Each structure stands twice: as C-alpha cells, then as structure tokens.
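All chains are named by letter (A, B, ...) in the order of the sequence lines, taking the proteins before the strands, and each is independently numbered beginning at 1. Note that the structure is a prediction, hence the values are computed from the model and not measured.
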Amino acid sequence: MKELVERIKKLYPEPTVELNFSNPFELLVALILSARCTDKRTNIITKELFKRYPTPKDLAEAPVEEIDKIISSCSMHNTKSKNLKALSEILVRDFNGEVPKSLEELTKLPGVGRKTANILLSMAYGIPAIGVDTHVKRLAYRLGISKSENPEGIEEDIKKAVPKEDWIVFYTGLILHGRRVCKARKPNCDGCPLNDICPKIGVK
DNA sequence: CTCCCGATAT
DNA sequence: ATATCAGGAG
C-alpha cells in the first residue's frame, strides 16, 4: 500500500480535476453536470453556461427551460437543470452567494451528494478529503485497496491506509490513472506502470 | 432497488 | 448493439 501511494504520487504529482472552472461555484456546477457524462462534453457545456450565467444569482434568476436548453446534450439534463436553479437559489438566499465549506451543508444542496461534496472541498478549498467516483471505486477494487462495495466504505479504507496529507493527491491520481490507463472497458495492463504490484482483481 | 437519459467508445 | 461516461434522489 505504501509503495502504491508513492507510485501514484510520482506518476500524478499534481492534484488535478479535468473539469474547467475558475471558482468554487463553477466547480460545483461542473461536478453536478459531470455525472454520467464525459468531462469533454461537460467542459463544452460549462463554457456556454458560465458565459450566459456567471454567478449564482444569474443562474438562480434564469428560466429553467433556458438552462435545460444549454445543457441538453448532457445526460439527465432535465434533473440537472432543475437542481442547478434550485441550488443557486439556496446559495443566494442562505449562503450570500458563496459555496459552503462543509460536507454537511454541501450534501443538503439539491444534486450534491457525498462524491461531489468531497471533490469540491478538496479541489476548491484544499480541505483533505477522498472523493469516491466511478474511477476510484473501480481502481480501489482492481488494486485490492478496498473490498467494500459502497463509496463510504471505500472512502474509509483509503483514509485508514493513506496519510492525510496525501489524501487529495492520491485519490486524484487514482482518477487520472483510471481515465488514462486503467479504463473500465479496456484496461491497458500491458502499458501500466503499476502492473507489477497490481493484483488485477476482476480484470479479464 | 429504480429512475434519470444524451453522447461516445468499443 | 450496448457499456460507459468525475452520481444522486426517492
């Protein structure tokens, strides 16, 4: 496990989110849109969305049909457009237009679950957290980091096994590795720098 | 557990 | 043709 952490840190030294954003609000919106949607498409959508509605106030006052039209090429756009408007209204009304900095407050927002909250806290505010998305879940399983099926269990296993100061760089490294090498459908084990220490659990 | 649900890779 | 894409709510 210690060796794995060092390798991930060396391979992906800089914590990175491949979603374009310039402030916590934009990251929050991008994360909500990115559910079951490629980051490439999310970035196309957010570019237009942020141009049209730059602030929580703008998005809160926007007609939901207009939001839906802009994000229509994204999966589950009907749900997401409603959530984005409702969430923006709450930010304006209860948080002075700012994005809150606690897991409890974030997960109360419509469309914001534990994964979105943890990634936002860590990448927008630098707060140590583990965001368990589809990549972290898959790699934690294949690499034998966690036997848990649910995200919270995986989150706890990683927190116990990795020093707190490495939480962010580790989970973001897993995500980058999952996107580039250890892909869901066709993992490139032959070209994988972790090949020699990976048990490849469940990999055909 | 089901529903949401467009684009893309395989 | 279908699995998958930075999931969450009911």
Side-chain angles (χ1 to χ4, degrees), chain A residues 8 12 14-21 24-50 64-65 67-88 90 99-100 103-125 127 129-142 145 148-155 158 167-191 202-204:
Chain A
I8 290 291
Y12 310 99
E14 204 60 40
T16 307
V17 193
E18 295 188 322
L19 294 168
N20 299 334
F21 69 100
F25 174 66
E26 290 191 357
L27 178 57
L28 183 58
V29 172
L31 284 167
I32 289 170
L33 289 172
S34 71
R36 300 291 159 180
C37 179
T38 60
D39 67 302
K40 193 175 172 184
R41 178 139 301 280
T42 302
N43 284 331
I44 292 171
I45 292 170
T46 53
K47 185 177 181 184
E48 177 68 16
L49 191 65
F50 297 156
V64 70
E65 307 81 41
I67 300 173
D68 192 61
K69 195 189 294 177
I70 295 172
I71 72 169
S72 64
S73 64
C74 173
S75 65
M76 298 167 280
H77 54 84
N78 198 34
T79 307
K80 289 172 180 176
S81 58
K82 287 174 189 165
N83 283 339
L84 286 177
K85 182 174 172 63
L87 167 147
S88 298
I90 294 171
V99 178
L103 188 68
E104 296 69 35
E105 291 172 308
L106 283 167
T107 51
K108 279 182 195 164
L109 299 171
V112 180
R114 195 177 182 87
K115 169 255 165 183
T116 297
N118 277 323
I119 295 184
L120 183 104
L121 288 172
S122 55
M123 297 309 289
Y125 295 132
I127 297 169
I130 303 289
V132 180
D133 71 338
T134 181
H135 300 294
V136 173
K137 186 176 179 183
R138 184 178 67 252
L139 268 69
Y141 186 69
R142 288 178 177 173
I145 299 169
S148 181
E149 287 291 323
N150 68 311
E152 280 203 55
I154 296 168
E155 187 182 323
I158 293 176
W167 284 1
I168 301 177
V169 70
F170 183 71
Y171 94 77
T172 54
L174 284 186
I175 292 174
L176 292 175
H177 194 66
R179 295 163 64 83
R180 295 169 191 177
V181 182
C182 193
K183 294 184 278 189
R185 280 183 97 164
K186 213 180 72 178
N188 182 17
C189 293
D190 293 337
V203 179
K204 292 178 282 304

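A:Ile32 comes within contact range of no nucleotide atom at all, as no heavy-atom separation falls under 4.0 Å. A:Ser75 comes within 4.0 angstrom of a base, heavy atoms only. Nucleic acid contact for A:Val136: none, since no nucleic acid atom lies under 4.0 Å from a heavy atom of the residue. No engagement by A:Thr172 is indicated, since no non-hydrogen atom pair under 4.0 Å with the nucleic acid exists. If you check every strand for non-hydrogen atoms under 4.0 Å, A:Asn78 touches sugar and phosphate atoms only. Across all strands, A:Ile119 comes closer than 4.0 Å to no nucleic acid atom at all (heavy-atom distances). A:Leu109 comes within contact range of the sugar-phosphate backbone alone, with a heavy-atom separation under 4.0 Å but no base atom that close.
Listed candidates were C:dC5, C:dG7, B:dC5. Nearest to the side chain of A:Ala184 is C:dC5. Side-chain proximity of A:Arg185 to the nucleotides B:dG6, B:dA9, B:dC4 is greatest for B:dA9. Looking at the side chain of A:Lys115, the nearest of the listed nucleotides C:dA6, B:dC5, B:dA7 is C:dA6.
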Steps toward side chain to side chain contact (heavy atoms under 4.5 Å, CB included) verdict (A:Lys137, A:Ile154): CA-CA 7 Å; A:Lys137 186 176 179 183; A:Ile154 296 168; 3.7 Å; yes

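Computed from coordinates, the A:Lys186 NZ to C:dT2 C1' distance equals 16 Å when rounded to whole Å. Look at NE2 on A:His77: it is 14 Å from C1' on B:dC3, rounded to the nearest Å. We find that CD1 of A:Ile71 is positioned 16 Å from P of B:dC4, with the value rounded to whole Å. Atoms CG (A:Asn150) and P (B:dC1) sit 13 Å apart, rounded to a whole Å. Whole-Å rounding puts the A:Lys183 NZ to C:dA6 P distance at 11 Å. For the pair A:Asn188 CG and B:dA9 P, the interatomic distance rounds to 17 Å; values are reported in whole Å. Distance A:Leu33 CG to B:dA7 P: 14 Å, rounded to the nearest Å. The separation between A:Lys137 atom NZ and C:dC5 atom C1' is 14 Å, rounded to whole Å.
Taking only side-chain nitrogens and oxygens, A:Arg138 comes nearer than 4.0 Å to OP1 or OP2 of C:dC5. At the phosphate of C:dC5, OP1 or OP2 sits under 4.0 Å from a side-chain N or O atom of A:Thr134.
No side-chain donor-acceptor contact under 3.5 Å links A:Arg179 to the backbone of A:His135. Between the side chain of A:Lys80 and the main chain of A:Ser75, a donor-acceptor pair closer than 3.5 Å is present. Formation of a donor-acceptor pair under 3.5 Å by the A:Asn83 side chain with backbone atoms of A:Val112 is not found in this model.
Between A:Leu139 and A:Ile145 the shortest heavy-atom distance is O-CD1, 4.4 Å. Of all non-hydrogen atoms in A:Val203 and A:Cys189, the two that sit nearest each other are CG1-SG, 4.1 Å.
Sequence neighbours left out, the pairs with a member in residues 112-124 of chain A that pass side-chain hydrogen bond (donor to acceptor under 3.5 Å, both in side chains) are A:Arg114-A:Glu155, A:Asn118-A:Glu155, A:Ser122-A:Tyr171.
Listed by residue number, the members of residues 34-48 of chain A with any heavy atom below 4.0 angstrom from DNA chain C are A:Ser34, A:Ala35, A:Arg36, A:Cys37, A:Thr38, A:Asp39.
Taking atom P in both B:dC4 and C:dA1, the straight-line distance is 23 Å, to the nearest Å. Taking atom P in both B:dC1 and C:dA6, the straight-line distance is 24 Å, to the nearest Å. For the P atom pair drawn from C:dG10 and B:dC5, the interatomic distance equals 14 Å after rounding to whole Å.
Considering only heavy atoms from C-beta on, A:Leu31 stays 4.5 Å or farther from A:Met123 through its side chain.
No more than 12 heavy-atom neighbours from other residues, nucleotides or ligands sit within 6.0 angstrom of OH on A:Tyr141.
Mapping A:Leu176 and A:Asn83 onto DNA chain C by nearest heavy atom places A:Leu176 closer to the 5' end of the strand.
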